[in-house]
Amino acid sequence: MRKPEIDLGVCTECDGCIASCPAVFQRNEAVGYIEVIELDHYPVDEVNDAIRDCPVDCIAWVEE
C-alpha cells in the first residue's frame, strides 16, 4: 500500500497540504508539526495535489 509521507526536516509548516487535502494531513498541536492521518485508503488525486503544491517538495508517496 502507498502512503503519503512528510519529510519533517524540510517541511516549513505552511499548511498548504492541509488546505489541499484536510482528510489526510493535519497539524498535531501537541508536538507542533504536520502529520499524515492513518487511513486504510488515501485519496490519490488530493494527495497528488498536495505533493504538487508543496513549496518545498517535502511530501512523497512511500510503499509500506
Side-chain angles (χ1 to χ4, degrees):
M1 179 174 110
R2 289 192 327 160
K3 175 181 177 179
E5 183 175 88
I6 301 171
D7 182 342
L8 296 175
V10 176
C11 180
T12 60
E13 299 181 34
C14 71
D15 292 341
C17 56
I18 296 171
S20 295
C21 192
V24 173
F25 302 99
Q26 68 182 3
R27 178 172 295 282
N28 183 324
E29 296 295 342
V31 292
Y33 60 79
I34 296 173
E35 65 186 4
V36 175
I37 299 168
E38 291 295 325
L39 301 172
D40 292 332
H41 175 76
Y42 293 93
V44 173
D45 290 339
E46 290 88 343
V47 172
N48 284 340
D49 287 346
I51 291 170
R52 181 194 67 228
D53 295 342
C54 180
V56 294
D57 296 322
C58 70
I59 307 168
W61 287 105
V62 295
E63 292 292 331
E64 283 200 324

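Values in this document were obtained by computation on a predicted structure and should not be read as measured data.
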Compile the donor-acceptor pairs under 3.5 Å between side chains in residues 51-61 and protein atoms, sequence neighbours left out, one pair per line.
from: Arg52; atom 1: NH1; to: Asp49; atom 2: OD1; distance (Å): 3.0
from: Trp61; atom 1: NE1; to: Asn48; atom 2: OD1; distance (Å): 2.8

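- At least one side-chain heavy atom of Pro4 sits less than 4.5 Å from a side-chain heavy atom of Tyr42.
- The side-chain heavy atoms of Phe25 and Val36, taken from C-beta on, include a pair separated by under 4.5 Å.
- Residue pairs satisfying the salt bridge (charged side-chain N to carboxylate O under 4.0 Å, His left out) criterion with at least one member in residues 31-41, sequence neighbours excluded, are listed as follows: Lys3-Glu38.
- Between Arg2 atom CZ and Glu64 atom CD the span is 12.0 Å, to the nearest 0.5 Å.
- Taken together through direct or relayed side-chain contacts under 4.5 Å among Ile, Leu, Val, Met, Phe, Trp and Tyr, Ile6 and Ile37 form part of one hydrophobic cluster.
- With hydrophobic clusters built from ILVMFWY side chains whose heavy atoms lie under 4.5 angstrom apart, Val62 does not share a cluster with Ile34.
- Note: the hydrophobic cluster containing Val24 also contains Leu8 (ILVMFWY, side chain heavy atoms under 4.5 Å, direct or indirect links).
- In terms of heavy atoms, Pro43 sits closest to Cys21 at CG-SG, 4.2 Å.
- The two residues Arg27 and Gly32 make their nearest non-hydrogen contact at NH1-O, 4.3 Å.
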